[in-house]
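Take a look at the structure below.
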Amino acid sequence: MREITLHDTLTGRVLPLRTREPGRVAIYACGPTVYGRIHIGNARPFVVFALLKRFLEHEGYDVTLVANITDVNDKIYAAASAAGIGSVALAQEMIAHYLADTDRLGLGRPDHEPLASETIGEIIDLIQILIDRGHAYAVDGDVYFAVRSDEHYGELTHRRLEDLDQGEGREGAERKRDPLDFALWKGRKPGEDTAWDAPWGAGRPGWHIECSAMAEKLLGLDFEIHGGGSDLAFPHHENEAAQTRAAHGQPLARLWVHNGMVRLAQEKMSKSIGNTLLLHAALDRHGRDALIAYFCAGHYRQPLEYDDERMEAAAAGVNRFREVARRLRPGPSPDWSAPLRMEFFDALAEDFNTPRALATAFDWVREANRSSAPVGDADLREMLGVFALENLLDVEVVVAPERAQTLMREREAARAERDWARADALRDELHGLGWAVRDSPDGPELTPVDPS
RNA sequence: GGCGACGUGGGAGAGCGGUUAUCCAGCGGCCUGCAAAGCCGUGUACACCGGUUCGAGUCCGGUCGUCGCCUCCA
């Protein structure tokens, strides 16, 4: 079995994947807060960790992927109140959009997609443990985590406590024992339309404790991979790690894997800046194949610029696979394929280097194109399958309408008479109908002008 | 200010000290009546300055520049 390595934020190094039990991997990837429809930036971790799961499964692992949905949060209250609807209604509407939008990526669903609102019992239990162990304290209906009670706080993101900007003016500042402390439970405030009962009074959980509780509930402790956007490393993941460590004396996860930001015009794509491109709009415009290829074209840890040029380049690459598919046959691939197949999966095993793997797949395509003998598609299908792009090899036999067929036959007749002017005119006419003619050694064939 | 990362050819983007990355675009050729698709070839690439080394894009130090986080954020 290949050794698989991934970059770990805690150690700052690329480390081998070590499983708790042989052959089983658990991944927890932080999902969105549902107060609006998700944009391309939100889609990146969804895609990255879904593809990572596919790769690990290809390597023989049994993988459980959890991607939570944060449906209780300040942002949701604010957005719901601005829209004049209830926060539950807003969250439900946006969850439906989130599921529909990400479904269109064609990557299936994560194994579990827990909601914070369905994990309240576990959250309360976890907070109680933290209080009992002296790592948290209740004040006027709020509960705060005592950051300085955790000697390892800051290690994940390499910060010293004294370096932290102590952000004056935050809510609850006067109730906290230390400015660094953060909320585990927030007492109900006027205008908030949801609350749950807890030993410290009615209220709702803080964001960070939600994830600690959901991850533990579904995956246990010290699980293999915790992922999310690099913007979540601090404070979200730092706090998650601290909570679980303080409550149980065990780490939450073994590897902390962070994906880079998607940028628009050199700037992080985010709702607060207002420079977003929504996922469903991008899917409408470019299709899921090009979008997946676009994500794979950059290494997951690097920032990824979004613009039409890049998307078109990704679409062109996708077409290259579609084109080679016309020359392939079902069945095992030739001898020259084996090293390339190996190289492809080796690249993914080394910190999930999708751009390098993709380059190898293109090497395979060139090799197939230059081969005069028929080439079996098995290996390429296996490679693209990890990226959920094996559909590119399924050449859709689109039968041209009778009218186009007739024009094509007329063109053949003109060509036979060496009447090139007429032949070219007929080709133009076909193009106008949406069909391109290709003259191959086996005769002419019609393909849709703009396949997508 | 602190922490993390990055600066590669026209564009994108790999490269874990010594060999053509790859994709898109351009140019030349092959194939073709012409196209399309494909193949072959091609372009003073590694921000700058030092250092280590037989040899550095690849390691070390510095300079300049860019981005992310330090507040909600995928």
Side-chain angles (χ1 to χ4, degrees), chain A residues 5 7 9 12 14 29-33 35 38-49 67 70 73-75 78 154 157-160 162-171 182 207 227-236 238 258-263 266-273 293-294 297-299 301-305 307 309-310 312-320 322-324 326-327 343 347 350-351 353-363 365-366 368-372 415 418-421 423-424 427-428 431 436-441 444-445 447 449:
Chain A
T5 59
H7 183 271
T9 301
V14 176
C30 280
T33 299
Y35 65 100
I38 68 162
H39 54 71
I40 307 274
N42 298 308
R44 172 121 95 146
F46 187 93
V47 172
V48 165
F49 292 102
T70 298
N73 185 287
D74 296 301
K75 290 268 186 189
T157 53
H158 316 103
R159 287 156 215 257
R160 292 173 305 190
E162 53 271 33
D163 290 338
L164 296 176
D165 195 325
Q166 313 222 335
E168 293 303 317
R170 285 196 59 201
E171 62 166 322
F182 58 88
W207 178 38
S230 62
D231 54 348
L232 297 188
F234 192 92
H236 185 54
E238 189 74 68
H258 290 103
N259 64 270
M261 297 293 99
V262 174
R263 308 196 309 192
Q266 303 290 307
E267 213 175 11
K268 174 184 170 182
M269 184 182 289
S270 81
K271 287 182 195 170
S272 48
I273 300 174
Y294 158 77
H299 185 93
R301 278 197 281 137
Q302 299 308 130
L304 189 59
E305 182 77 19
D307 62 43
E309 247 180 285
R310 271 159 242 246
E312 280 158 25
V318 159
N319 272 332
R320 198 164 154 73
R322 288 206 185 98
E323 288 295 344
V324 75
R326 308 162 67 81
R327 299 183 168 82
E343 208 178 311
E350 290 171 30
D351 197 23
N353 195 327
T354 56
R356 218 171 86 209
L358 200 56
T360 304
F362 283 122
D363 285 337
V365 169
R366 193 197 325 111
N369 277 331
R370 62 200 289 189
S371 166
S372 47
R415 292 182 72 215
R418 308 185 75 79
D419 184 352
W420 309 128
D424 290 349
R427 181 166 59 201
D428 291 344
H431 193 91
V437 192
R438 285 185 187 180
D439 299 321
S440 75
E445 52 182 330
T447 57
V449 168

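In what follows, chains are A, B, ... by sequence order, proteins preceding strands, each numbered from 1. Computed from a prediction, not measured in an experiment: that's the story for all the values here.
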request  = Go along nucleotides 5-20 of chain B 5' to 3' and tag each nucleotide: B for a protein heavy atom under 4.0 Å from its base, S when only backbone or sugar atoms are that close, - otherwise.
outcome  = -S-----SSSSB----

key: Side-chain donor/acceptor of A/Asp163 to base of B/rC70, under 3.5 Å   =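 It does not, because no donor-acceptor pair links the side chain of A/Asp163 to the base of B/rC70 below 3.5 Å.
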
task = Mark yes or no for a side-chain to base donor-acceptor pair under 3.5 Å between A/Arg427 and B/rA35, with no hydrogen or angle criteria applied.
result =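 Result: at least one qualifying N/O pair found.
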
Phosphate contact (B/rC69 OP1 or OP2) by A/Lys268 side-chain N/O below 4.0 Å =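 Yes, within the criterion.
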
task = May I ask you to evaluate whether A/Ser270 reaches the phosphate of B/rA74, defined as a side-chain N or O under 4.0 Å from OP1 or OP2?
result =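 Result: no.
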
query = In what stems does RNA chain B take part, counting only runs of at least 3 consecutive Watson-Crick or G-U pairs whose two distances fall under 3.5 Å?
reply =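 Correct response: B:1-7 with B:64-70, B:10-12 with B:22-24, B:26-30 with B:38-42, B:47-51 with B:59-63.
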
Residues in side chain to side chain contact (heavy atoms under 4.5 Å, CB included) contact with [X], at least two apart in sequence or another chain:
X: A/Phe234; answer: A/Tyr153, A/Thr157, A/Arg159, A/Leu164, A/Glu238
X: A/Thr360; answer: A/Leu340, A/Glu343, A/Phe344
X: A/Asp439; answer: A/Arg411, A/Glu412, A/Arg415, A/Val437, A/Pro444

What's [X] touching, base or sugar-phosphate or nothing? Going by heavy atoms closer than 4.0 Å.
X: A/Val48; value: nothing
X: A/Gly228; value: sugar-phosphate
X: A/Thr33; value: sugar-phosphate
X: A/Val14; value: nothing

Tabulated below should be each protein N or O lying under 3.5 Å from an N or O of nucleotides 39-43 of chain B; please produce it.
from, atom 1, to, atom 2, distance (Å)
B/rC39, OP1, A/Arg320, NH2, 3.2
B/rC39, OP1, A/Asn369, ND2, 3.4
B/rC40, OP1, A/Arg370, NH1, 3.1

